[in-house]
Colleague: 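Quick one: the structure is below, and I'll ask about it shortly.
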Amino acid sequence: MSTPCPGYEPCVCHNAEKSESLAVRAARLAESLEREVRHFIVATDENLGDIEVRIERQSREIQRQATEKAAQSKADATPPICPVCKQKLGRVSGDHGRSFESRFGTIRVVRERGYCKRCSKWRFAADTALGLEETAGYSPRVQEMAALLASKMPVAEASVVLEHLTGVKVPRASLDREAKRQGQRARQLRAQLDQQVCLTTARAVQTELVLEPYQMIIQMDTWNIRERDDWGQTQKLRRHGREPERWHWVYTGTCFRLDHRGKTAGGRPVISERGFVATREGLDALRQQLHAEAMRRGLGQAAGALVIADGAVWIWRLADDRFAHARQRLDFYHAVQHLAAVGKALFGDDQQKLKDWLRPLAKQLKHQSAIKVIERLEDILESLPKGAAAETVAKEVNYLKEHQDRMDYRAGQRRGEPIGSGPVESTCRQHQCRFKRPGEYWRPRGDEALLCLELFWRDQRWSLLFPHNRQIDPSKN
Ligand SMILES: [Zn+2]
């Protein structure tokens, strides 16, 4: 449901007041605000919310005018130089107007247009200077708002929330387009940043970095996303013997320094600095992005590294390939699930027997050694008659043997290392809260773009994408 925003009707008076200086307008606004304050004091049915809305509404027009004035002055001062190749533009003509949505409402700018011979293109140098190039008509701050909201909530909701909170009107379809455009920009920037890490790494190898006494923890997992590929083609595909595939893996990773893990006053575990990676573009993309992220977080100088994950084969292959020097650990809870599978084969649906059998075994795995646990299971296996139960137990024993070296839980705990992959699992859950809402379908280009935006935010690199944020919170982002 769209919430009406009575405070944000477009102003009809600003053309008549164009010749007025900002100072005169500001003085008039101050007088009007004084009147509002006097009214508020005696209005018994109003609380602070009412005056907040009215002050916001009344101040908006002068903010809009100041923004428009700034934009026009900057446009006037921009020399006719091609923003791409830096050549002087020819056939320059003025008086080309353009309206766009700014943080404070619609503004209009008149600027010059010139032809770049080298690029064989008409150029508006002022648009680049103002940060408006290639956009559908939204200022950089509005572009940012669209990007942030769409990465956090469905676009229809984002459009309504944006208007309700800020008065900025961006219809649903435009917001979707703008957010995806920003997402594509984020992807390009991510590729550049990852490339820079590769170059820096190559140089660092030559200079031999001094190692610091911390461990880098790397975790990986997957979740799946539903896409609208082959939409409407189901019958046709089935006639050709193909079942349409709508669910696709999103490969996810996280990395952090062990000495950045701590506890809140209430005892809740927290990680103060942590890198995130998520991609729909397959294992190669994950491998590259996760390595770059780990390097940015200090992998190159870590005394050691540890990969923790569930038992998926692709994870260990990737770890062997990209993090060859890292130790590997199977997520403890995942190992326990395999023990539970043995218990189920032995006791069927008798939950109490299963629990009584599993608890001491899990304890032994956690505090003693995996070898002893495996030996116990082998003894059990020998005593079993041939059949389904024996087959299951044999399968699980093989699995645990294969991962024996990855189950050093006692040693890990003594070193203060995590034994579970909880952090990456919670990251996956958080992504799914956004990307797996009922009725939502994605397209590969769109979901990768929005995921990338979400990662810039999480990884505190938002201000690289929207540099005007440096002014808001220099400590974060
Ligand atoms: Zn050019």
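Note that ligands are numbered from 1 as they come in the structure, with each ligand's atoms numbered from 1 the same way. Hydrogens, waters and symmetry mates play no part in the numbers below; they use all other heavy atoms, side chains included. Along the sequence shown, the residues carry numbers beginning at 1.
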Colleague: Under the salt bridge (Lys or Arg N to Asp or Glu O under 4.0 Å) rule, collect the residues that match up with Asp76, sequence neighbours excluded.
Modeller: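 Partners of Asp76 under the salt bridge (Lys or Arg N to Asp or Glu O under 4.0 Å) test: none.
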
Colleague: Can you tell me how far apart CD (Gln215) and CG (Leu299) are? Round to the nearest 0.5 Å.
Modeller: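 Rounded to the nearest 0.5 Å, the CD-CG separation comes out at 10.5 Å.
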
Colleague: Tell me, please, which residues at least two apart from Tyr115 pass ring-ring contact (aromatic ring centres under 6.0 Å, His included).
Modeller: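 ring-ring contact (aromatic ring centres under 6.0 Å, His included) list for Tyr115, sorted by chain: Trp122.
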
Colleague: Consider only side-chain N and O atoms of Arg261 and Ser272, and report whether a donor and an acceptor are under 3.5 Å apart.
Modeller: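 No pair is found: no donor N or O on one side chain lies under 3.5 Å from an acceptor on the other.
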
Colleague: Restricting to under 2.8 Å, identify the protein N, O or S atoms around the Zn ion (ligand 1) as residue plus atom.
Modeller: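 Listed by chain and number, the nearby protein N, O or S atoms are Cys82 SG, Cys85 SG, Cys116 SG, Cys119 SG.
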
Colleague: Could you list the residues that satisfy salt bridge (Lys or Arg N to Asp or Glu O under 4.0 Å) with Asp405, not counting sequence neighbours?
Modeller: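 Checked Asp405 against salt bridge (Lys or Arg N to Asp or Glu O under 4.0 Å); zero matches.
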
Colleague: Distance under 6.0 Å and angle within 45° of the ring axis: does Arg60 meet both against Phe104?
Modeller: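 No, a cation-pi geometry is absent between Arg60 and Phe104.
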
